[in-house]
Amino acid sequence: MIAMTTTTAQPKGLLPLPARTAHLTTITGALATAAATGLAWTWTSDFPGDLTYYGSPAGLQLVTLTGALLTLLLAASAHGLPGLRWLTPAGRTAPTLLAALGTFATTAFTLTAIAIQLGGLVNLEPGGYLAGATALLTLIGALGLPPDHSTDPTPTTPRQRLTAALTAGPPRPATRQLPTWAEHLTIAAAFAAALLAFTYGIDTDDGAPFIGYLLLVALAVPALHRAGLLARLTALTHRHRGTALAAAFLAATAFPFTQDTDQYTLIGANILIFATVALGLNVVVGLAGLLDLGYVAFLGVGAYAAALVSGSPESALGLHFPFWAALLTGAAASLAFGVLIGAPTLRLRGDYLAIVTLGFGEIFRIAMLNLNGTTGPDITNGAMGIPNIPNLEILGFNFGEPHHILGIPLAPYGNYYLLMILVTALVVLVFRRAAASRIGRAWIAIREDETAAVAMGINSFRLRLLAFALGAALAGLAGTVHAHVVTTATPEQFQFAGPQPPNSAFLLAAVILGGMGTLSGPLVGAALLFLIPAKLDFLQDYQLLLFGIALVLLMRLRPEGLIPDRRKRLEFHDTDRPDTPDPGNPPTGLNGNPTDPTGPLGTAQAKG
Amino acid sequence: MTTPTPTTNPTPPPATHPLLQATDVTMRFGGLTAVQGVDLTVHTGEIVGLIGPNGAGKTTFFNCLTGLYTPTEGTVAYRGTRLSRKPHLVTQAGIARTFQNIRLFANMTVLENVLVGRHTRTKEGLWSALLRTPAFTRAEHHSTQRALELLDFTGLAPKSDHLARNLPYGEQRKLEIARALASEPGLLLLDEPTAGMNPQETRATQDLVHAIRDHGTAVLVIEHDMRFIFSLCDRIAVLVQGRKLTEGTPRTVQADDRVIAAYLGTTDDTTPGDPTGDTP
Ligand SMILES: Nc1ncnc2c1ncn2[C@@H]1O[C@H](COP(=O)(O)OP(=O)(O)OP(=O)(O)O)[C@@H](O)[C@H]1O
Ligand SMILES: [Mg+2]
């Protein structure tokens with residue numbers, strides 16, 4: 001979707017409504033939808049969330065309410081309501097349309113779910129019908145809004161017109177500068193809102209309510225993006241790095257204190273473990289461009305190493321290291337394994353490396369299975385794994401017990417969650433600093449063009465090995481905590497593919513889905529990839545199928561990932577030949593336009 | 001002996017050895033002999049041209065010099081020391097190059113491209129990067145400073161934040177030169193630096209190469225643009241079908257009938273407007 005800003009004919013909305021009518025319809029519709037969430041949508045409390053009350057929206061009604069309010073704000077801002085104009089610094093129609101669509105989708109989904117789950121439309125109360133109708137009205141109004149910018153030529157096919165309607169114009173410069181304190185406050189508020197949204201998502205009931213939530217999020221986030229708010233926020237966080245980091249850290253830390261049971265803090269801790277490993281994999285795949293299909297083995301090495309020195313009665317070593325020593329052991333074991341695997345294989349390129357790492361990942365799992373005393377020395381207890389890994393204890397602070405911090409109760413997994421926050425912060429720091437250094441630049445150079453990198457004096461084998469080793473050590477670090485959280489280390493946790501994360505396929509998916517080479521990409525990708533299967537448990541066997549379809553769609557629509565790197569196109573395949581003439585593809589610039597922006601690089605990279 | 005001379009040093013140490021000495025270099029690909037028994041010497045402070053019709057083996061010879069290919073026969077010595085066969089060690093020793101098919105790090109910024117060129121001249125490892133030691137900060141600062149100087153030198157300073165892939169063609173060629181210079185080479189190998197450039201850009205490149213030489217870096221340049229090469233070089237070697245046909249000053253080479261025959265016999269288009277032509 002390229003924003004073309006040539007001004008020509010009068011832009012038209014998707015539905016032939018006068019602009020004023022469209023605006024009023026949208027705003028009225030959104031207001032009415034918000035009001036309708038205060039009515040009962042169904043008569044029985046059987047549907048999850050209990051949507052039977054008058055005056056207090058609950059469950060999915062809250063989701064609809066949020067969507068309606070967001071639409072209202074965006075539409076009012078788009079209409080030019082004074083005081084709200086800052087909400088839409090870039091697009092106006094596109095964000096409103098997306099928000100209206102999200103609201104309608106989640107409302108329609110809720111009503112359908114009620115009808116199906118309770119067995120018929122009779123279970124809907126008038127409030128439900130009203131909400132559906134008003135949400136539809138909002139959408140119709142939004143569809144009538146004129147597009148943000150006129151395109152040349154005027155779009156004719158429905159598809160082009162839809163694309164045009166969903167494309168936001170370039171951001172307008174800020175009309176006035178906020179005072180510094182307000183900027184800090186904005187950052188804090190944004191992170192608080194993110195925490196709220198995330199906590200709400202994690203706390204929603206499995207099944208229908210979560211899908212409703214997901215529908216809104218999936219459309220509201222692009223809406224905020226089109227409105228230009230996310231770009232504004234990014235600019236702010238860049239300007240106030242310290243505040244942004246502190247706010248992110250605080251928001252992340254606050255999560256377990258919002259929970260009174262351990263159910264979701266466990267998910268939180270697991271998300272962090274998964275995200276940390278994904279970030280480690282991002283060093284290997286995203287920065288150095290090495291496709292590693294056996295990465296979960298490094299998590300396994302860390303977990304097994306930690307299990308062996310954890311003091312578990314089943315451990316063959318019977319050692320009980322303090323946590324810091326276990327952490328170092330896990331990381332060191334993983335690092336050693338990484339070097340061991342990397343040294344013979346990293347001379348391979350692209351596809352070959354992928355196959356070899358896939359093999360090594362399986363070798364690790366099978367080796368753990370066989371070190372059971374019968375088919376090999378008794379170290380890992382075979383398929384039974386090493387159970388009864390005791391809870392961590394650091395300076396007398398037992399992680400297995402609930403604690404009170406400043407009078408706020410903290411459930412056991414909350415302890416692990418907080419520990420993982422520290423580990424994640426460490427890994428984030430390592431990733432950032434490594435990426436922005438001579439070493440990180442060399443990695444990216446190898447990824448971009450290995451021949452040129454080597455010709456610039458980079459010892460590609462050594463640097464690839466370094467990336468591999470660093471990635472392994474980071475995964476080992478996470479593996480140490482992983483062993484204590486799941487209390488058992490079994491071979492089956494560390495497969496290539498499986499329905500539940502972490503496994504190598506999911507890890508890779510998290511990196512690619514989120515955005516290769518970026519910091520926040522794998523974190524977001526990992527959170528989604530962990531949360532969605534955990535919440536949609538009822539889909540069971542269809543989960544992997546849907547996951548596959550979702551991945552294919554995503555790669556089709558947004559190959560650069562959710563949070564793309566500015567260096568979007570990453571190539572796993574490199575032409576193997578140094579500077580050789582390419583008869584079929586002469587160096588451009590001779591016959592081509594010398595100022596063509598995609599120019600010779602595009603051509604040079606496309607061959608082979 | 002392999003310590004490189006910084007580019008900023010205008011008076012290199014008295015050379016007892018030639019800067020580059022390629023002896024009897026032969027490169028075969030299966031049955032095809034792309035380069036056969038080529039000798040070439042480059043002295044400090046020289047600009048040497050390497051010309052020849054398409055497919056003569058010029059780029060292959062470059063690849064042999066820089067370690068991307070291991071020559072089937074023959075040796076290459078830099079400042080009297082035999083060069084390693086590892087390309088990164090060749091760069092470390094002090095030979096940097098550009099590519100005929102531009103090979104920039106397309107998705108890195110202009111500045112980052114040049115910083116990658118500094119790789120061999122800096123030592124900071126992973127630990128110092130992770131701990132952000134004072135030495136690391138100093139080295140990064142110094143590298144950035146040097147890289148910006150080079151961008152200034154090549155006229156790319158205003159574009160330091162652009163992605164390399166978004167540069168126009170001529171500037172991409174310049175960036176490749178800046179990146180190569182960042183490794184502080186004693187010898188710079190340029191493979192068709194003006195291919196695809198307009199006459200003004202070609203003239204600017206000529207000035208740039210002179211300036212590089214004046215900063216103490218010798219240059220070996222492949223080019224099809226005869227006006228460019230004859231006015232630029234101190235000495236020219238002619239490669240035809242993998243063998244060195246002749247070598248001498250521009251005047252003697254220009255007057256050599258065999259050179260004209262070799263060129264005219266294969267392609268008619270050696271005018272500056274069409275530098276590389278198509279495959280013979
Ligand atoms: N890796 C390779 N494998 C096989 N043949 C090769 C290889 N590299 C080059 N050649 C062949 O060697 C010959 C010399 O090629 P080279 O690229 O060195 O010519 P050149 O003088 O640089 O030509 P141009 O002026 O077109 O760049 C050609 O016939 C080419 O096809
Ligand atoms: Mg060539």
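These numbers were taken from a predicted model, which means no experiment stands behind them. Computed from heavy atoms alone, side chains included, the values below leave out hydrogens, waters and symmetry copies. In what follows, chains are A, B, ... by sequence order, proteins preceding strands, each numbered from 1.
- Residues B:Glu140 and B:Arg132 are not paired through a salt bridge, judged by the lack of any N-O separation under 4.0 Å between the basic side chain and the carboxylate.
- Residue A:Tyr352 qualifies as open at atom OH: its count of foreign heavy atoms under 6.0 Å is 12 or below.
- Heavy-atom pairs under 4.5 Å with chain A peak, among B:Leu115, B:Ile95, B:Asn113, at B:Leu115.
- Across B:Phe99 and A:Ala455, no two heavy atoms sit closer than the pair CZ-CB, 3.6 Å.
- Between chain B and the options A:Val454, A:Asn459, A:Leu429, A:Val430, heavy-atom pairs under 4.5 Å are most frequent for A:Asn459.
- Salt bridge absent: B:Glu176 and B:Arg97 never bring a charged side-chain N and a carboxylate O closer than 4.0 Å.
- Looking at B:Phe62, there are no atoms closer than 4.5 Å to chain A (heavy atoms on both sides), in backbone or side chain.
- Enclosure of atom CZ in A:Arg462 is not indicated, since only 12 or fewer non-hydrogen atoms of other residues, nucleotides or ligands lie within 6.0 angstrom.
- Heavy atoms only, all atoms of each residue included: B:Asn107 and B:Leu163 are closest at O-CD2, 3.6 Å.
- In this structure, the portion of A:Leu463 lying under 4.5 Å from any heavy atom of chain B is its side chain and not its backbone.
- There is no contact between B:Thr66 and chain A, counting heavy-atom distances below 4.5 Å.
- Neither the backbone nor the side chain of B:Lys58 has a heavy atom closer than 4.5 Å to any heavy atom of chain A.
- Using a 4.5 Å cut-off between heavy atoms, A:Leu466 contacts chain B through its side chain alone, with no backbone atom that close.
- No hydrogens or angles considered: a donor-acceptor pair under 3.5 Å links the side chains of B:Thr194 and B:Glu223.
- With a 4.5 Å cut-off on non-hydrogen atoms, B:Leu131 touches chain A through its backbone but not through its side chain.
- Per-residue heavy-atom pair counts under 4.5 Å with chain B were compared for A:Ala442, A:Ala453, A:Ser460, and the maximum is reached by A:Ala453.
- Residue with the most contacts toward chain A among B:His88, B:Arg118, B:Arg179: B:His88 (heavy-atom pairs, distance under 4.5 Å).
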